[in-house]
Number of protein chains: 2
Amino acid sequence: MRIGELAATAGVTTKTIRYYESAGVLPAPARQASGYREYDHRAVDRLAFVKAAQAAGLTLAEIVDVVSARESAGAPCAHVAAVLEQHAHDLERRIAELTTLLTQVRQLSARAKTLHPDQCTPAQVCHLIPTA
Amino acid sequence: MRIGELAATAGVTTKTIRYYESAGVLPAPARQASGYREYDHRAVDRLAFVKAAQAAGLTLAEIVDVVSARESAGAPCAHVAAVLEQHAHDLERRIAELTTLLTQVRQLSARAKTLHPDQCTPAQVCHLIPTA
DNA sequence: GTAGACGTTCCAGTGCGGGGGAAGGTCAAG
DNA sequence: CTTGACCTTCCCCCGCACTGGAACGTCTAC
């Protein structure tokens, strides 16, 4: 199949497929005499994997890591597991940061409802956000 | 004070100060005869505000919005409050998304510990990440 | 033979928040 | 007078994951 059909099947654009090839998540396919890229079902599987891995929060660079480990050393399950574990940690940290931030923003919003505008000084820009 | 001293006082780089000026969060300062930028204490206050607003999760564009409202229409508290409220909503949504993601990643990690590598098929790249 | 649907390469841009470095002007100290 | 620190403007660069467009080649149908 050619790139357009692959794109339609996988639900991505042809641009994305070429980009993935340049990024290393898709292997360079065979070429027809015309120079057109020629794909088989493995490319469909690979694109499905990429989408699933992205949905799990992996970056393209991490996916490259995983698929290249797959190609060079067989089943990369341990590698994938490590990447996932790292990602879980990152997510937890990020969620904690955002939760702290949300608390702060909520406090500022609460202050917005109890203070009067004439309590602003020019140095503060707005009393809602403490500069200290 | 000149830009270097302001930068040291505020804890940013001179690059950042010029960038902020171009972005509209800092007003264009007076110039010395030499062409050097000449700042006073208000610039220090403003930079402190920008840092505080960034810590509260506002983007530079939103800060521009707030400070220009301040300069054109006096105390922008209601405006700031609306921006904060919007931000709180965004944060809640983002936290919910990340929490969902974390659950998925945790499930995959759990599977990694119960499955064997020889259950991988090439089409899957790795059984840890379902492609269906 | 020609239209148009598809393919190719390469270059450039998006949004965010700056950072790097060149080429040159200014200022204080020794 | 020269050195070195500081300042100026200018334009390009980063990561991230693409997307858009130009200019050109190829294939199929009428």
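Chain naming here is simple, since letters A, B, ... match the order of the sequence lines and numbering starts at 1 in each.
- Checking the phosphate oxygens (OP1, OP2) of C:dG19, a side-chain nitrogen or oxygen of B:Thr16 falls inside 4.0 Å.
- Note: CD (A:Glu21) to P (D:dT19) measures 16 Å, nearest angstrom.
- Under the rule for a salt bridge (charged side-chain N to carboxylate O under 4.0 Å, His left out), B:Arg2 has no partner lying at least two apart in sequence or in another chain.
- Residues satisfying the side chain to side chain donor-acceptor pair (under 3.5 Å) test with B:Thr99, not counting sequence neighbours, are none.
- In this structure, the salt bridge (charged side-chain N to carboxylate O under 4.0 Å, His left out) partners of B:Arg93, at least two apart in sequence or on a different chain, are B:Asp90, B:Glu97.
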Donor-acceptor pairs are to be reported for all side-chain atoms of residues 18-29 of chain B against protein atoms at under 3.5 Å, with residues two or more places apart or in another chain.
{"from": "B:Glu21", "atom 1": "OE1", "to": "B:Arg37", "atom 2": "NE", "distance (Å)": "2.8"}
{"from": "B:Ser22", "atom 1": "OG", "to": "B:Tyr19", "atom 2": "O", "distance (Å)": "2.7"}

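- Applying the salt bridge (charged side-chain N to carboxylate O under 4.0 Å, His left out) criterion to B:Glu5, with sequence neighbours excluded, gives no partner residue.
- Summary of the strand contacts: B:Glu38 and A:Val50 both lie near DNA chain D, and taking for each the nucleotide with the nearest heavy atom, the more 5' one is attributed to B:Glu38.
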Using a 4.0 Å cut-off on protein heavy atoms (strictly under), produce a 5'-to-3' string for nucleotides 5-17 of chain C with B for base contact, S for backbone-only sugar-phosphate contact, and - for none.
-BSBBB------B
